[in-house]
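These notes concern the structure reproduced below.
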Amino acid sequence: MLKLKSWPLSLTVVFLVLGLLLSLQFRTQRLLASSLEAQKTTDLITMWKNLSTKRNQLQGEIAQLQQQLFTLKTNSSQSSEAETSMEKEMARLQMNTGLAAVKGPGITVTITGDAPLLYYDLVDLVNELWASGAEAIAVNDHRISAYTIISDQQDGPRNYITIDGQRLLYPIVIKAIGDPQTLDKGLTFTGGLIDNLNNLYKIYPIVKKEQDLQLPATSLPAWHYAKPAPPPAPAGDQNGK
Amino acid sequence: MRRIYLSLLIISIFSGLLVAWQWRSHLATAAQTNQDPGLIDIIHALEKEDASLENSIADLRQQIDSLQKKHSQGAGRLTETQKEIDNLRLTAGLVAVTGPGITVTLDDNSAGAEAAQKSSPATYKPDDYIIHDKNVLYMVNELKAAGAEAIAVNGQRIVANSDIRCVGTVIMVNSTRLAPPYIIQAIGNPDKLEAAALGAEEFVFLKSRDFPVKVNKNDSLTLPAYNGGFPLDHARPLPTGGQQ
């Protein structure tokens, strides 16, 4: 049945398959660990959720900005409405930056000093709260701004955590304003931050939902190096994204 | 004829080995293949949408800014308010800024990963050779502590409510997906920032593990504005009386 002539053909097929396999192998090896294709389905779903949340947030911001723009456009320069709109923006910015004291619902995270908490853990907790949609955060009575310094200092054999150079005393109470349910879930899900603190370091923060939290204001450092960048080149010169 | 059988045998063994190799590397790198390409498409679409929304936000903020300036010009009281808003926007990260500073580059240790894969594939852990979200988060924290006035990671400006986290092995800043190398730019006193970066635990650790990481001083950096939102659905201003 098999003629000698068909051998080259089958060999070709075999080598083709081999070549494909080899290239597939190298493709797999070279896949960047950070590429989407390298992620588990569950992680992709998380990413999808994060992106949707972000979209909603951005749409909210756009709606608010459009409102503001509309007010500015439809009112003459001397009108009180233009002024009110500016005052509103000012109030918002003061809350965002931590310059204004705020109140609202949210959660508290209480850490008693039974197990050593590192300042990295506190950085993680604050970061995780922002990631879970916190609108304002304070640790004990330090309002967290973009410029808050979380660090530590040595005191004999033990280190203690400092915020803006001031020693942080136990119990550490973190207050975060936002949707209590979402904030709580963001910290306490299985495999989440609190879970890790429990299992790895025997630290047991107590998370409590609150209806009325009050967070103090902070002051911001003066800048010595950064200046507003000159306005971007006219639209024609800009490369589209 | 015999020779052909022999070569076929060799080829079969070879391909068998290849398949085994492929399968093993598959397991080692966890879920390298993704069962759902549709999901990836959705993510790409959402990323595009979010990026265009951010563009609209930047655009709207610019329009508002110029209209406000027109309104408040020469209008006494409003000029003061305008000044305050300008300052607030600057500190909030809503304005692109320029100044001296440093650039910290953190990259995956691909060379190390390749070597380890070859020499000891059985114990090779991809996680040991990539930059993690904590590396970036703690580095940013040390730069803040060293007085950085503005920070950006791969063009994402760090603001008060910025978060740095990972989903799977992807690092996300401001919920935007980043890819290595991670370039952290910070404006401030270059000497102070450089010392802080070089002395940071993260940096020393990565360096000791042969990660390609470096710190450069810059005379002039320009960091982009933050084009995201500041959610404010629950927080209300707390009326502050004159007395305690």
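We name chains A, B, ... by the order of the sequence lines, and we start the count at 1 in each one.
Closest heavy-atom contact between B:Ile64 and A:Leu65: CD1-O, 3.4 Å. Across all their heavy atoms, A:Tyr225 and B:Glu149 have their closest contact at N-OE1, 2.8 Å. Pairing each heavy atom of B:Val95 with each of A:Pro228, the nearest pair is CG1-CB, 4.2 Å. Counting all heavy atoms, side chain and backbone alike, A:Ala229 lies closest to B:Thr222 at CB-CG2, 4.0 Å.
Rounded to the nearest 0.5 Å, atoms CE (A:Met95) and CG (B:Leu238) are 11.0 Å apart. Annotation: the span from A:Leu44 atom CG to B:Leu39 atom CG amounts to 5.0 Å, rounded to 0.5 Å. To the nearest 0.5 Å, atoms OH (B:Tyr138) and CG (A:Asp124) are separated by 3.0 Å.
Residues A:Gln39 and B:Thr169 bring a donor and an acceptor atom of their side chains to less than 3.5 Å of each other.
With B:Asn161 contributing its side chain and A:Trp130 its backbone, the two residues share no donor-acceptor pair below 3.5 Å. Formation of a donor-acceptor pair under 3.5 Å by the A:Glu61 side chain with backbone atoms of B:Pro231 is not found in this model. A donor-acceptor pair is defined here as one N or O able to donate and one able to accept, closer than 3.5 Å; such a pair exists between the side chain of A:Glu135 and the backbone of B:Asp233. Although no hydrogens or angles enter the test, the distance criterion places no donor-acceptor pair under 3.5 Å between the side chain of A:Asn96 and the main chain of B:Ala160.
For B:Asp59, the side-chain hydrogen bond (donor to acceptor under 3.5 Å, both in side chains) partners are B:Gln63, not counting sequence neighbours. In terms of the side-chain hydrogen bond (donor to acceptor under 3.5 Å, both in side chains) criterion, residue partners of A:Thr148 (sequence neighbours excluded) are, by chain and number, A:Ser145. By the side-chain contact (heavy atoms from CB on, under 4.5 Å) test, A:Gln181 is found to be paired with A:Asp179, A:Lys209, residues two or more places apart in sequence or in another chain being considered.
Note on B:Arg89 versus A:Glu89: salt bridge recorded, some NZ/NE/NH1/NH2 to OD/OE distance being below 4.0 Å.
Residues of residues 50-59 of chain A lying under 4.5 angstrom from chain B, judged on non-hydrogen atoms, are A:Asn50, A:Leu51, A:Ser52, A:Lys54, A:Arg55, A:Gln57, A:Leu58, A:Gln59 by number.
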